[in-house]
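One structure is given here, and the rest of the page talks about it.
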Amino acid sequence: MELNKTIKVSVLGLWATVAVSCHKNDNHRAGQEPAISVTTEEIKMAASGDLFVVSGNIEGMKTVKTGFQVAGRIAGINGEEGSMIRKGSEIAWLDPTNYAIAKELADVQVAQVTDEFNRINILHERNSVSESDFMKCKYTLDGAIAQQKLRAKDLSDTKLYAPISGILLKKMGEAGEMISAGMPVLVISDISKVKVNAYIPENRLKDIKIGQEVEIRIDAIDAVRHGKIAEVGGMADPTTRSFTVKAIVDNPDNNIRPGMIATVTFTASDSIMTATVNSAALLRTPDGQPYVYVADKERKQAFRRNISIGAVRDNRIEVSSGLEAGETVVVGGTHKLSNGSSINITK
C-alpha cells in the first residue's frame with residue numbers, strides 16, 4: 001500500500017515537471033524577439049530659406065544591356081568592369097565552330113542547286129522543260145540562297161559589338177559559359193553626360209521648371225557641377241509624396257559614375273516650414289535611398305520609412321518628404337533594427 005502511494009506521488013511529480021516544462025516552451029515559442037533599446041526624438045519643424053537642397057542619385061545618360069542573337073559558348077570578353085568601351089568595338093565573341101560548319105553546308109547546297117538551275121534554265125530556253133519544273137527549281141535555289149544568308153548572319157552574330165560608347169558597368173557572363181540567345185552579357189552606360197535623379201516634395205513642385213539651372217554637389221569626387229532640369233515626374237510617389245526630377249550634367253572627364261550620391265540645390269520662391277531630424281537618425285540603402293525608423297509607441301515597434309532629404313544645418317537634416325510633425329523617429333540603436341522590430345524606448 002505504501003509502495004502504491006510512492007508510485008502515485010512520483011507519477012504526479014513527473015506530470016507536474018512535464019507540464020511546467022511544456023508551459024515554458026509554449027511561452028518561449030509564443031513570445032516575440034527581445035525588445036531592442038532605442039532612443040527617439042519627435043519631429044521638429046523649421047523654416048527653410050530661399051534655397052532648398054534635396055538628395056539624389058546618379059545614373060548614366062543611356063544604359064544598355066547587350067547580348068548575342070545566337071546561343072553558344074562564350075569564347076572571350078574584352079574589357080573589365082569600370083573600363084571605357086568605344087562604340088562599334090568588338091566586346092565579346094562566341095565559339096564559331098558550329099556556325100561556320102553550318103555556313104559551309106549552306107554554301108555547298110547553293111552551289112549544287114545553282115548547277116541544277118543553270119542546266120534547267122538552258123532546257124527552259126529551248127522549251128524542253130515544263131514551266132512548273134523550271135519554277136520548282138528556281139524556288140529551290142531561292143530557298144538555298146536565303147538559307148545561306150541566314151547561316152552567314154548566324155556566323156556573324158557570334159561576334160558582339162558595342163552599341164554605344166560608355167563605361168562597362170557589369171559583366172553578366174564569363175569565357176567558357178554557355179548562354180542562350182538574347183541573354184544579357186554586358187551592361188554599358190553612356191556617361192558623357194549623366195542624369196541626377198532628385199526627389200522633390202509636392203509643396204516645392206511649383207519651383208521646378210524644365211530647363212532650370214541647379215547646383216549639384218558630388219561628395220565622392222569633391223566636386224560641384226551645374227546642370228539643367230530635363231524631366232519632371234508626372235506622379236507622386238505614394239509613400240513619400242515626392243516627385244522625381246532629373247537634371248542633366250556634362251561629364252567630360254567621365255569621373256562622375258553611376259550610383260554616386262549627389263545633393264541638388266534649388267532656388268525656392270518662398271520659405272516654408274520643413275521637418276528636421278537629427279543626423280543620427282538617417283540611414284541609407286545600398287543604392288543610396290535615405291530612410292529612418294519611425295517609432296510606434298503604442299505597438300512598441302519601429303518601422304522603416306523612406307524619406308527625401310535636404311540641407312544639413314547644425315547637425316540636423318531637412319526632410320523634404322516622408323515625415324510629418326508629431327511623429328517620432330529612432331536616433332539611437334538604429335543599426336540593430338529591421339522593419340517591424342520590437343523596441344524599448346529609453347528616452
Side-chain angles (χ1 to χ4, degrees), residues 52-69 77-92 159-173 182-200 204-205 207-237 240 242-267 284-290 306 308-310 320:
F52 71 97
V53 182
V54 297
S55 63
N57 60 284
I58 294 170
E59 64 180 31
M61 193 67 184
K62 179 191 292 185
T63 300
V64 176
K65 293 180 181 179
T66 184
F68 294 96
Q69 295 187 57
I77 295 178
N78 281 330
E80 298 297 330
E81 292 184 3
S83 62
M84 298 305 297
I85 302 295
R86 182 171 49 84
K87 181 179 180 179
S89 61
E90 186 177 344
I91 50 178
K159 294 183 178 181
L160 184 62
Y161 299 93
I164 61 172
S165 295
I167 185 174
L168 178 54
L169 289 186
K170 190 173 183 180
K171 293 168 64 176
M172 305 176 74
M183 180 183 296
V185 177
L186 301 171
V187 181
I188 303 172
S189 183
D190 175 10
I191 59 170
S192 57
K193 293 183 178 181
V194 295
K195 294 180 182 179
V196 182
N197 297 324
Y199 307 96
I200 306 299
R204 287 297 194 185
L205 198 62
D207 296 317
I208 310 301
K209 297 178 178 61
I210 300 294
Q212 176 181 345
E213 290 195 0
V214 292
E215 182 182 278
I216 297 165
R217 176 164 186 81
I218 306 156
D219 290 334
I221 59 173
D222 192 24
V224 175
R225 302 288 176 86
H226 290 84
K228 290 186 177 181
I229 301 299
E231 298 178 34
V232 178
M235 183 174 67
D237 181 278
T240 63
S242 60
F243 290 80
T244 301
V245 173
K246 294 186 178 183
I248 305 299
V249 181
D250 288 330
N251 186 27
D253 300 326
N254 294 325
N255 57 351
I256 305 176
R257 299 297 178 92
M260 287 182 175
I261 304 301
T263 53
V264 186
T265 301
F266 295 84
T267 301
R284 289 184 185 271
T285 64
D287 62 358
Q289 170 65 50
N306 288 345
S308 296
I309 62 175
S320 51

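All values below come from the heavy atoms of this structure, side chains included, with hydrogens, waters and symmetry mates left out.
- No side-chain donor-acceptor contact under 3.5 Å links Thr265 to the backbone of Val53.
- Here the shortest heavy-atom pairing between Asn251 and Ile191 reads ND2-O, 2.9 Å.
- Looking at heavy atoms from C-beta onward, Ser189 lies out of side-chain contact with Val187 at the 4.5 angstrom threshold.
- With a 4.5 Å cut-off on side-chain heavy atoms, Lys209 and Ile229 do not count as touching.
- In this structure, Phe266 and Gln212 approach most closely via the heavy-atom pair CD2-NE2, 4.0 Å.
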Check your understanding: Hey, mind stepping through Arg217 and Val224 against side chain to side chain contact (heavy atoms under 4.5 Å, CB included) and telling me if it holds?
Key -> CA-CA 4 Å; Arg217 176 164 186 81; Val224 175; 3.2 Å; yes
**Study point:** Derivation and outcome, side chain to side chain contact (heavy atoms under 4.5 Å, CB included), residues Val196 and Lys246
**Key:** CA-CA 5 Å; Val196 182; Lys246 294 186 178 183; over 6 Å; no
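- Side-chain contact between Ile188 and Ile91 is present, with heavy atoms from C-beta onward closer than 4.5 Å.
- Ala162 approaches Ile85 most closely through the heavy-atom pair CB-CG2, 3.4 Å.
- Closest approach of Ile210 to Ala230, counting heavy atoms only: CD1-O, 3.5 Å.
- Side-chain contact check for Met260 versus Val194: every heavy-atom pair is 4.5 Å or farther apart.
- Remark: the Asn197 side chain and the Glu59 side chain contain an N/O donor-acceptor pair separated by less than 3.5 Å.
- Of all heavy-atom pairs spanning Pro258 and Gly60, the tightest one is CG-N, 3.9 Å.
- When each of Val249, Ile261, Ile256 is paired with Ile218, the side-chain contact (heavy atoms from CB on, under 4.5 Å) condition holds for Ile256 and for no other.
- Taking all atoms of both residues into account, the shortest heavy-atom contact from Ala92 to Ile77 is CB-CG1, 4.0 Å.
- When side chains are defined from C-beta on, Lys170 does not count as touching Lys65, because their heavy atoms never get closer than 4.5 Å.
- Between Gln289 and Arg284, every side-chain heavy-atom pair lies at or beyond the 4.5 Å cut-off.
- Annotation: side chain of Tyr199 is not in contact with side chain of Val54 (no heavy-atom distance under 4.5 Å).
- Considering only heavy atoms from C-beta on, Val232 comes within 4.5 Å of Leu205 through its side chain.
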Point to revise | Evaluation steps, side chain to side chain contact (heavy atoms under 4.5 Å, CB included), between Val185 and Met172 | key: CA-CA 5 Å; Val185 177; Met172 305 176 74; 5.6 Å; no
